[in-house]
Amino acid sequence: MRYISTRGTAPVLDFKAVTLTGLASDGGLYLPESWPTLSPEQIAALRGLSYLDTAVEVMLPFVEGTLSRDELKELCEQAYGRFSHAAVTPLVQLDGTHWLLELFHGPTLAFKDVALQLLGLLFERFLTGSDKQLTVVGATSGDTGSAAIDALAGRAGVDVFMLHPKGRVSDVQRRQMTTVLAPNIHNIALEDASFDDCQALVKAMFNSPDFSGKFALSAVNSINWARLMAQIVYYFYAAVRLGAPERPVAFSVPTGNFGDVFAGYVAAKMGLPVAKLIVATNVNDILHRALSQGDYSQGTVVPTPSPSMDIQVSSNFERLLFDLGGRDGRALAAQMQGFETTKAMRLTNAQLSGAAPLLHSERIDLDDMALAMRWASDGCGQVIDPHTAIALSAARRADLGDVPIVTLATAHPAKFRDAVERATGARPTVPARIGDLFDREERYASLPGSFEAVTAYIAERAVPSA
Ligand SMILES: Cc1ncc(COP(=O)(O)O)c(C=O)c1O
Ligand SMILES: N[C@@H](CCOP(=O)(O)O)C(=O)O
């Protein structure tokens with residue numbers, strides 16, 4: 001499989017190179033040159049397979065030329081062996097229409113583990129025998145950071161510099177990052193910053209020849225293609241369990257950086273009968289405005305009880321626009337450069353009408369989020385986190401007849417105890433696997449959110465490339 005950039009001019013890469021590279025050198029994001037497809041018979045043959053075997057079948061076309069089936073299987077065995085549920089991502093039925101797909105049974109209790117446990121192992125495999133020292137620069141609104149740190153702490157060949165917006169992640173999320181004291185992990189709390197500011201700094205580091213030329217920069221955010229590849233799997237796993245390929249299934253996805261829902265889009269492109277992808281946002285609603293009115297203009301980020309979705313510039317939307325706009329890298333580069341300059345962009349007619357049959361968006365406010373949490377707990381006996389509640393609320397607005405709707409449960413409620421308690425009156429208990437989190441020592445640097453301050457901090461600690 002070969003990978004191309006959304007902006008058309010960066011070198012074409014294979015799977016190994018695309019995994020070790022972050023942003024493309026032309027500022028774009030990598031994605032496969034063409035979408036592999038599974039026939040209805042191949043999808044039907046996934047029925048009854050374990051998560052692990054499904055993962056191998058779904059991901060194999062993307063790693064072709066770099067990993068054999070056996071090598072991929074061995075990596076998946078290790079990655080998903082650390083999940084606490086035998087089904088890895090179990091489905092839970094709420095009523096006749098609604099299901100939860102629990103994606104939070106990994107080590108850090110959020111869906112990010114599904115991809116990052118595998119990415120950590122891919123880094124290790126691709127770096128073995130080389131003297132390359134990767135400098136991973138990442139931005140997090142809480143969950144990517146903890147999952148990446150768990151996956152990479154203590155690994156040879158990788159240093160991690162993780163930026164989070166100070167005071168804008170939950171206490172559990174922060175401690176999951178800052179209590180990991182491995183020498184290769186560096187947490188940076190950016191003062192007076194939003195996640196968007198953190199992400200913009202990370203992209204600026206990749207786009208600065210002076211800085212990126214000194215280090216072997218790499219990414220763990222969903223700008224890294226391997227992240228999305230691993231997330232495609234659970235769409236197949238869930239849909240097949242609910243009757244695909246004969247029966248179409250809809251998914252409601254709590255959305256911020258558009259990575260998770262883009263993985264669902266890819267599953268549909270690969271042939272999975274997806275009736276609808278519901279893009280659920282909180283009041284930080286750039287994606288809802290874009291998909292419903294064509295207006296992709298950056299607003300100010302409002303802190304909410306679903307902090308991981310407090311995002312107003314959604315990285316992966318670029319991948320969607322590229323695909324919907326006929327994969328014209330030059331046109332997309334001009335559109336994105338316009339957005340970077342003016343902070344506003346109109347979707348083209350082709351992009352809007354191309355998205356409409358599959359993607360539907362909803363903006364969920366605080367009251368509807370709390371109502372969904374109460375409906376799940378009082379009506380169905382399920383305690384859900386605020387991000388999941390946003391998607392469940394959007395799912396319950398949908399009118400899709402008999403089509404089953406799967407809401408992606410992206411985080412364990414214990415990660416957001418205060419918000420869950422406020423909505424439901426019950427305080428979730430912290431699972432045993434992170435039980436001593438509040439007794440551990442924390443370590444992080446607080447820095448002003450300037451490019452100079454952050455790059456100077458990293459440059460003092462990272463290993464220059466040869
Ligand atoms: C718990 C949770 N739900 C939803 C999201 C949004 O996912 P995405 O950024 O892939 O759209 C995130 C952050 O990525 C998250 O951490
Ligand atoms: N919500 C995310 C934000 C980063 O998104 P990513 O999927 O691009 O890594 C987080 O929790 O950090």
Side-chain angles (χ1 to χ4, degrees), residues 22-23 29 101-104 106 108-116 119 136-149 151 160 162-165 168-170 172-174 176-177 187 194-200 202-203 219-228 230-232 234 251-266 277-282 284 286-288 301 304-320 359 361 364 369 384-392 394 407-416 419-420:
L23 212 58
L29 302 178
L101 179 62
E102 292 186 349
L103 301 174
F104 52 71
T108 68
L109 311 178
F111 77 107
K112 309 285 179 168
D113 290 320
V114 175
L116 281 158
L119 186 61
V136 166
V137 287
T140 186
S141 50
D143 290 327
T144 293
S146 38
I149 286 169
V160 179
M162 186 56 64
L163 277 54
H164 72 267
R168 293 203 189 185
V169 300
S170 79
V172 172
Q173 286 179 312
R174 189 192 70 250
Q176 282 182 311
M177 297 189 278
N187 279 291
S194 66
F195 167 77
D196 286 353
D197 300 320
C198 299
Q199 180 162 254
V202 167
K203 288 189 175 173
V220 286
N221 280 109
S222 54
I223 56 179
N224 189 320
W225 166 257
R227 280 274 316 273
L228 301 190
Q231 291 173 219
I232 300 166
Y234 46 71
F251 292 89
S252 185
V253 188
T255 306
N257 227 2
F258 207 76
D260 211 3
V261 75
F262 189 74
Y265 173 86
V266 178
L277 284 173
I278 302 169
V279 177
T281 75
N282 65 21
N284 296 292
I286 186 169
L287 289 168
H288 174 57
V301 179
T304 74
S306 47
S308 299
M309 293 160 69
D310 293 347
I311 296 177
Q312 286 281 17
V313 180
S314 284
S315 265
N316 290 285
F317 203 53
E318 174 165 347
R319 286 185 165 117
L320 180 77
L359 296 158
S361 67
I364 305 298
M369 178 203 74
I384 60 173
D385 97 290
H387 305 77
T388 306
I390 300 263
L392 181 60
T407 291
L408 270 52
T410 47
H412 191 287
K415 291 191 94 164
F416 305 95
V420 175

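Note that ligands are numbered from 1 as they come in the structure, with each ligand's atoms numbered from 1 the same way. These values consider heavy atoms only, across backbone and side chains, with no hydrogens, waters or symmetry-generated copies. Positions are given from 1 along the sequence. These figures come from a predicted structure and were not determined experimentally.
Listed by number with element, the atoms of ligand 2 under 4.0 Å from a non-hydrogen atom of Thr140 are 10 (C), 11 (O), 12 (O). Residue Asp143 has at least one heavy-atom neighbour below 4.0 Å for each of these atoms of ligand 1: 1 (C), 2 (C), 15 (C), 16 (O). Contact atoms of ligand 2 toward Asp143: 10 (C), 11 (O), 12 (O) (distance under 4.0 Å to a heavy atom of the residue). Heavy-atom proximity to Thr144, at under 4.0 Å, picks out these atoms of ligand 2: 2 (C), 4 (C), 5 (O), 6 (P), 7 (O), 9 (O), 10 (C), 11 (O), 12 (O). Each of the following atoms of ligand 2 lies closer than 4.0 Å to a heavy atom of Gly142: 10 (C), 11 (O), 12 (O). In summary, the atoms of ligand 1 found under 4.0 Å from a heavy atom of Ala411, numbered by their order in the structure, are 1 (C). Near Phe195, the atoms of ligand 2 lying under 4.0 angstrom from a non-hydrogen atom of the residue are 3 (C), 4 (C). Near Phe258, meaning under 4.0 Å from one of its heavy atoms, ligand 1 places the atoms 8 (P), 9 (O), 11 (O). Distances below 4.0 Å separate heavy atoms of Gly259 from the following atoms of ligand 1: 8 (P), 10 (O), 11 (O). Residue-ligand proximity, His387 to ligand 1, at heavy-atom distances under 4.0 Å covers atoms 1 (C), 2 (C), 3 (N).
Around atom 14 (O) of ligand 1, the closest heavy atom drawn from Lys112, Met309, Gln231 belongs to Lys112. The closest non-hydrogen atom to atom 9 (O) of ligand 1, taken over Asn257, Thr140, Leu408, Thr281, comes from Asn257. Between the choices Ser314, Ala147, Ser315, Ser308, the shortest heavy-atom distance to atom 1 (N) of ligand 2 belongs to Ser308.
Taking 4.5 Å as the limit, every side-chain heavy atom of Val160 sits out of range of all side-chain heavy atoms of Val220. The closest side-chain heavy-atom distance from Ser222 to Leu228 is below 4.5 Å. Using a 4.5 Å cut-off on side-chain heavy atoms (C-beta onward), Thr388 and Pro254 make no contact. Side-chain contact between Val266 and Arg319 is absent, with no heavy atoms from C-beta onward closer than 4.5 Å. The side-chain heavy atoms of Val301 and Arg168, taken from C-beta on, include a pair separated by under 4.5 Å.
Heavy atoms of Gly256 stay at 4.0 angstrom or farther from ligand 2. Using 4.0 Å as the threshold, Arg227 has a heavy atom nearer than that to some atom of ligand 2. Put simply, no part of Ala110 is less than 4.0 Å from ligand 1, judged by heavy atoms. At a 4.0 Å cut-off, at least one heavy atom of Phe111 sits close enough to ligand 1 to count as contact. Under the 4.0 angstrom criterion for non-hydrogen atoms, Val261 is not in contact with ligand 1.
In this structure, the side chain of Asn224 engages the main chain of Ala226 through a donor-acceptor pair within 3.5 Å. Put simply, the side chain of Ser306 never gets that close to the backbone of Thr304: no donor and acceptor are under 3.5 Å apart. At distances below 3.5 Å, at least one donor-acceptor pair connects side-chain atoms of His387 with backbone N or O atoms of Ser308.
Rounding to the nearest 0.5 Å places CG of Leu320 at 5.5 Å from OH of Tyr265. One finds the NZ atom of Lys415 at 3.5 Å from the OG atom of Ser146 (value rounded to the nearest 0.5 Å).
In this structure, the protein non-hydrogen atom closest to atom 10 (O) of ligand 1 is Asp260 N, 2.8 Å. Shortest contact from atom 3 (N) of ligand 1 to any protein heavy atom: Thr410 OG1, 2.8 Å. Of the protein's non-hydrogen atoms, Pro254 O, 3.4 Å is the one closest to atom 4 (C) of ligand 1. Of the protein's heavy atoms, Ser222 OG, 2.5 Å lies nearest to atom 8 (O) of ligand 2. Protein heavy atom in closest approach to atom 11 (O) of ligand 1: Gly256 N, 2.7 Å.
Residue Lys112 touches ligand 2 through its side chain alone, judged by heavy-atom distances below 4.0 Å.
Considering every non-hydrogen atom in both Pro386 and Val420, the closest pair reads CD-CG2, 4.2 Å. Considering every non-hydrogen atom in both Val313 and Asn257, the closest pair reads O-OD1, 3.4 Å. Shown here for Ala151 and Leu116, the closest heavy-atom pair between the two residues is CB-O, 3.2 Å.
The shortest N or O to N or O distance between Ser141 and ligand 2 is below 3.5 Å.
For the residue pair Lys112/Thr140, the side-chain donor-acceptor check at 3.5 Å is not satisfied. When only modelled atom types and interatomic distance are considered, Asn284 and Asp310 share a side-chain donor-acceptor pair under 3.5 Å.
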